[in-house]
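Notes follow the structure.
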Amino acid sequence: YICIAPAFLRAHGITNPELRRKSFTSEAKPIFDDFVEIIGELDALPKAKKGAVGAIGFSNGGFFAMLLAAANKVRAGVSYYGALDGAMTQPDLAPFAKRFTSASAPVLVLAGESDATIGLKPPQKLEQILKAAGSRYEFKYYPGTGHDFDRSGSTGPNNAASAADAWQRTLAFLRANGV
């Protein structure tokens, strides 16, 4: 894989955690447009497999990975504990309800059942939206697992096991979808 991990919050002047909601409101379109440009650059690399770009996002990035998949800007999208309700700026998940169709790229959503930051309602709501749209999707809810479960030092009785499983699921999902 050829990977890029953009520091999109910092690039848009969102350095204070209190301001992270801007990434879902006033900065959402510019951030999305930056990702589309980055995808084009990745796809144009000489060693890249043309048209085989996927998106993996964590928390805020999970929101954008889903948007990119909905808009078919990537071959597949993966959301780890995604802030799918835009840090409560989009409680109805309208951006996804408007964009997901049966033609959207497939998505994998990985969520902790004990995620006190995101909760279970946003991923469950997204699952309903995807089903109604006829989109291709997979969900995995991890019992006893919290937010940031893949990061070293994260706490939770099942975080390490969930992180290991999530990474293997991610790789299998990307391979199965041509990434």
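Using a 4.5 Å cut-off on side-chain heavy atoms (C-beta onward), V179 and V74 make no contact. Two residues are said to be in side-chain contact when any heavy atoms from C-beta on lie closer than 4.5 Å; L67 and F35 fail this criterion. No side-chain heavy atom of L9 sits under 4.5 Å from any side-chain heavy atom of T15. The side-chain heavy atoms of E127 and Y141, taken from C-beta on, include a pair separated by under 4.5 Å. Side-chain contact between T101 and S135 is absent, with no heavy-atom pair separated by less than 4.5 Å. Two residues are said to be in side-chain contact when any heavy atoms from C-beta on lie closer than 4.5 Å; Y142 and D115 fail this criterion. Between S104 and R99, the closest side-chain pair of non-hydrogen atoms is not below 4.5 Å. Inter-residue side-chain proximity for Y137 and L108 is flagged as unmet; no heavy-atom pair is nearer than 4.5 Å.
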Checklist line | side-chain contact (heavy atoms from CB on, under 4.5 Å) between F149 and Y80, worked out | finding: CA-CA 9 Å; F149 63 81; Y80 277 66; 4.0 Å; yes
Check: Is there a side-chain contact (heavy atoms from CB on, under 4.5 Å) between F58 and D150 once you walk through the steps?
Finding: CA-CA 9 Å; F58 301 81; D150 65 309; 3.3 Å; yes
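Checking side-chain atoms of R21 against main-chain N and O of A87 turns up a donor-acceptor pair under 3.5 Å. At distances below 3.5 Å, not a single donor-acceptor pair connects side-chain atoms of K22 with backbone N or O atoms of G13. Side-chain N or O atoms of N72 include one that pairs as donor or acceptor with a backbone N or O of A103 at under 3.5 Å. In terms of modelled atom types and a separation under 3.5 Å, the side chain of T145 and the main chain of G112 share no donor-acceptor contact. Using modelled atom types, one side-chain atom of K50 and one backbone atom of D43 make a donor-acceptor pair closer than 3.5 Å.
Using a 4.5 Å cut-off between side-chain heavy atoms of Ile, Leu, Val, Met, Phe, Trp and Tyr, with links allowed through other members, I4 and I31 fall into the same hydrophobic cluster. Under the 4.5 Å side-chain heavy-atom criterion for Ile, Leu, Val, Met, Phe, Trp and Tyr, L110 and F173 are members of the same hydrophobic cluster. Neither M88 nor L120 shares a network with the other; the hydrophobic side chains, linked directly or stepwise wherever heavy atoms of I, L, V, M, F, W or Y lie under 4.5 Å apart, form separate groups for each. If you chain together hydrophobic residues whose side chains sit under 4.5 Å apart, L68 and V107 fall into the same group. Linking ILVMFWY residues whenever their side-chain heavy atoms come closer than 4.5 Å, directly or via other members, places I39 and L45 in the same cluster.
Here the CD atom belonging to Q128 is positioned 11.5 Å from the NZ atom belonging to K121, to the nearest 0.5 angstrom. Remark: E27 CD to D34 CG distance equals 9.0 Å, nearest 0.5 Å. In this structure, the separation between CG on L42 and SG on C3 is 8.5 Å, given to the nearest 0.5 Å. Distance check, rounded to the nearest 0.5 Å: CG of N177 to CZ of R136 gives 6.5 Å.
Of all heavy-atom pairs spanning G178 and A52, the tightest one is O-CB, 3.3 Å. Heavy atoms only, all atoms of each residue included: A83 and I118 are closest at CA-CD1, 3.6 Å. Taking every heavy atom of both residues into account, L84 and S79 meet most closely at CD2-OG, 4.1 Å. What you find for P106 and A69 is that their closest heavy atoms are O-CB, 4.4 Å.
Just one residue in the list I129, L130, L93, V109 forms a side-chain contact (heavy atoms from CB on, under 4.5 Å) with M66, and that residue is V109. Results of the side-chain contact (heavy atoms from CB on, under 4.5 Å) test with P95 over F100, F63, F24 single out F63 as the only residue that passes.
Every residue two or more places apart in sequence or in another chain that forms a salt bridge (Lys or Arg N to Asp or Glu O under 4.0 Å) with D148 is listed here: R151. Remark: R20 engages N60 in a side-chain hydrogen bond (donor to acceptor under 3.5 Å, both in side chains) (not counting sequence neighbours). For D85, the side-chain hydrogen bond (donor to acceptor under 3.5 Å, both in side chains) test picks out no residue, with sequence neighbours left out.
Counting non-hydrogen atoms of neighbouring residues, nucleotides and ligands closer than 6.0 angstrom, the NZ atom of K29 reaches no more than 12 such neighbours. By the 6.0 Å contact criterion, NZ on K125 is open, its count of non-hydrogen atoms from other residues, nucleotides or ligands being 12 or less.
A donor-acceptor pair shorter than 3.5 Å can be found between the side chains of H147 and S59.
For K98 and F96, the positive end is not near the middle of the six-membered ring at less than 6.0 Å and at most 45° from its axis.
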